[in-house]
Protein chains: 2
Amino acid sequence: MSMMNFTLKQLRYFTVAGEHRSVTKAAELLYVSQPSISSAILHLEEVTGLQLFIRHHAQGLSLTPQGQQFYRRARKLLREAEELSQFASSLGSDISGTLNIVGFPTFTSLMMPSLIKEFVERYPDVYVDCQEMPQKELIQNILDCNYEIGVTYDMELPTNIEFQPLVSLPPFAVVSHDHELAQRESVSIKELADMPMVMLDWPVSRQYFMSLFISRDLRPECRYRTQSLTMARGMVANGFGYSLFNMPLSSDMALDGTRLKAIRIEEELTPLTMGVVKLAQSRTTPAADAFIELLKDSVSDHPPQKATAKTQKISA
Amino acid sequence: MSMMNFTLKQLRYFTVAGEHRSVTKAAELLYVSQPSISSAILHLEEVTGLQLFIRHHAQGLSLTPQGQQFYRRARKLLREAEELSQFASSLGSDISGTLNIVGFPTFTSLMMPSLIKEFVERYPDVYVDCQEMPQKELIQNILDCNYEIGVTYDMELPTNIEFQPLVSLPPFAVVSHDHELAQRESVSIKELADMPMVMLDWPVSRQYFMSLFISRDLRPECRYRTQSLTMARGMVANGFGYSLFNMPLSSDMALDGTRLKAIRIEEELTPLTMGVVKLAQSRTTPAADAFIELLKDSVSDHPPQKATAKTQKISA
DNA sequence: CGGGTTGCATTAATTAAACTGATGCTGAAC
DNA sequence: GTTCAGCATCAGTTTAATTAATGCAACCCG
């Protein structure tokens with residue numbers, strides 16, 4: 001198999017010789033010796049079995065009819081090789097092509113749509129593919145190079161994943177507007193431990209929320225669990241209990257119209273850090289660099305909350 | 001200029017490694033050593049400036065997003081190179097492509113249309129380009145390789161033109177149906193010399209017709225000249241004089257309806273030989289070979305006149 | 001018609017490139 | 001922690017490309 005017994009260089013030598021009807025001229029133009037051209041042509045004639053040129057003694061060459069047909073196709077191939085070469089260099093320098101992003105569910109649905117919109121407006125040559133999925137799967141996809149960058153929490157990351165922190169998200173409590181805590185300005189974690197809790201049950205965030213209690217030798221009254229953020233909001237708003245979030249509420253209304261309220265927690269709890277993950281060993285594409293830059297700008301302009309937030313501010 | 005710092009072989013090594021996510025596997029499949037694959041990939045990464053693969057220690061490679069994009073284009077180029085290779089081998093073996101023919105005017109208009117029709121019916125993959133032009137120009141075009149084969153007379157041929165005789169065409173006289181010779185079965189060249197003649201004035205045929213007289217120390221009464229065969233027929237049919245032809249009349253009627261008659265010449269005159277010309281040094285394409293074969297068959301089945309014709313038979 | 005010229009092919013020697021076997025190195029698996 | 005898998009590196013070798021010099025055959029010109 002693989003009958004390509006010729007090289008691009010030989011094709012190039014051949015075409016230039018064909019264009020100028022001269023081996024000698026081609027050698028001059030290509031800055032090589034005349035026998036190099038000659039042998040390239042002979043080699044092509046050898047492997048194709050065609051007579052590509054007629055040699056007019058003392059006055060150059062001319063392409064045979066077969067040679068002309070072969071010439072056209074050879075030129076085409078060389079053009080395409082050149083295009084590949086330019087494509088490769090544009091891949092390394094232009095902000096274009098496809099950018100594959102994967103993000104942690106809550107954050108992604110909340111932040112990415114507007115962010116991607118701004119990004120593609122600024123860089124219209126980029127096509128963005130953005131998916132959301134749980135942490136474990138996300139990391140696996142980054143490891144497998146299915147996605148170039150991920151946007152998620154600094155949790156359960158293997159050593160060969162590089163994490164670039166974007167924003168620090170301390171947890172806060174959420175209650176319904178008629179909850180006993182609704183009028184309080186702040187609440188302690190110790191108080192919360194005795195109240196019924198609605199647990200947002202993502203694989204990694206659950207462990208995090210649990211650790212907030214356990215590190216203080218507390219045990220939350222974890223009465224309800226759900227994997228849906230919308231569901232959790234609804235349950236809290238309907239008075240099932242409080243919940244702990246670390247992404248801003250964005251709206252104080254649950255899907256059924258009942259209302260929520262965010263309450264600061266008095267203790268300084270270890271925040272979750274949201275950031276960009278990628279393979280440590282992989283260079284980023286220009287498109288990914290640009291996206292990360294935009295992400296940083298976006299976070300510093302409109303922080304979901306301040307990176308070092310002591311007090312809690314929830315955007316309406 | 002010319003940034004193609006890679007070879008087809010390197011692209012091939014790269015793509016196979018990409019497909020199998022393994023340098024080692026690619027080396028096995030391609031029957032080369034593992035460092036060969038490795039260095040090809042490194043070279044490509046060098047010249048493109050891209051990181052094509054991520055090396056997972058002890059468990060192969062995977063293509064980076066950039067690597068995937070480069071891979072697709074590389075595969076495309078390799079496919080096209082393979083196609084070029086196959087195209088070249090089909091050029092040398094298939095009866096297909098374009099066949100350029102050039103012919104001497106009278107013969108071409110008379111014989112080629114039906115011949116080409118039969119040819120393309122038998123070999124539908126061939127596109128035939130057939131032109132007619134005077135001898136000098138025809139030969140120049142053959143020398144310049146603008147046409148692969150020519151169909152013409154064995155006259156004024158340079159040494160590096162190869163001539164393959166097809167049919168011998170002795171000249172005959174043509175007169176109007178009410179000419180004084182019209183009822184004669186034959187006429188001598190000596191008689192004709194004193195009669196008014198209509199000369200078909202092609203560059204080479206004129207010299208030939210003149211030589212028929214001059215070699216016998218005769219001088220024709222060359223009253224009228226024309227470069228148009230149709231015109232010559234018309235003038236003869238209208239009684240301007242006789243003419244000498246060597247291609248069959250094919251029809252005994254001139255364009256205006258007046259009639260012609262062919263008369264055998266008593267002397268055995270040196271015939272013109274019609275044949276195929278091509279560059280001596282050039283191999284013929286399969287299509288040209290097939291065409292020449294058909295030409296030979298056609299001539300031997302329906303000879304314009306017998307190659308050694310003594311008596312004159314004119315097809316209606 | 002012969003010497004000079006032109007231009008491709010050939011040759012032999014050189015240089016560059018590709019290839020190989022062996023070894024090193026690093027993370028993964030057990 | 002030890003072994004294993006798998007890519008990179010190295011040094012030596014084989015192969016291919018390149019070159020300067022020469023050969024050769026037709027064209028050109030006086």
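So that the names make sense, note that chain A is the first sequence line, chain B the second, and so on, each numbered from 1.
OP1 or OP2 of dA9(C) sits under 4.0 Å from a side-chain N or O of R55(A). Within the 4.0 Å cut-off from OP1 or OP2 of dC7(D), not a single side-chain nitrogen or oxygen of Y13(B) is found. At the phosphate of dT20(C), OP1 or OP2 sits under 4.0 Å from a side-chain N or O atom of S36(B).
When the shell of 6.0 Å around CD of Q207(B) is examined, it contains more than 12 heavy atoms from other residues, nucleotides or ligands.
With 3.5 Å as the limit, one finds no donor-acceptor pair spanning the side chains of E137(A) and N141(A).
Across all strands shown, T24(B) has heavy atoms under 4.0 Å from sugar-phosphate atoms exclusively, and none from any base. Counting non-hydrogen atoms under 4.0 angstrom, L61(A) reaches the backbone sugars and phosphates but no base.
Heavy-atom distances to DNA chain D give each of N160(B) and A58(B) a nearest nucleotide, and the one nearer the 5′ end belongs to A58(B). Both P35(A) and H57(A) sit near DNA chain C, but only H57(A) has its closest nucleotide nearer the 5' end.
Proximity note for L42(B) (side chain, C-beta onward) versus dA8(D), dC7(D), dT18(D): the nearest is dA8(D).
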Would F14(A) and F70(A) satisfy ring-ring contact (aromatic ring centres under 6.0 Å, His included), going step by step from the backbone distance to the final call? CA-CA 10 Å; F14(A) 160 72; F70(A) 186 75; 5.5 Å; yes
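No N or O donor and acceptor, one from the side chain of Q59(A) and one from the base of dA26(D), sit under 3.5 Å apart.
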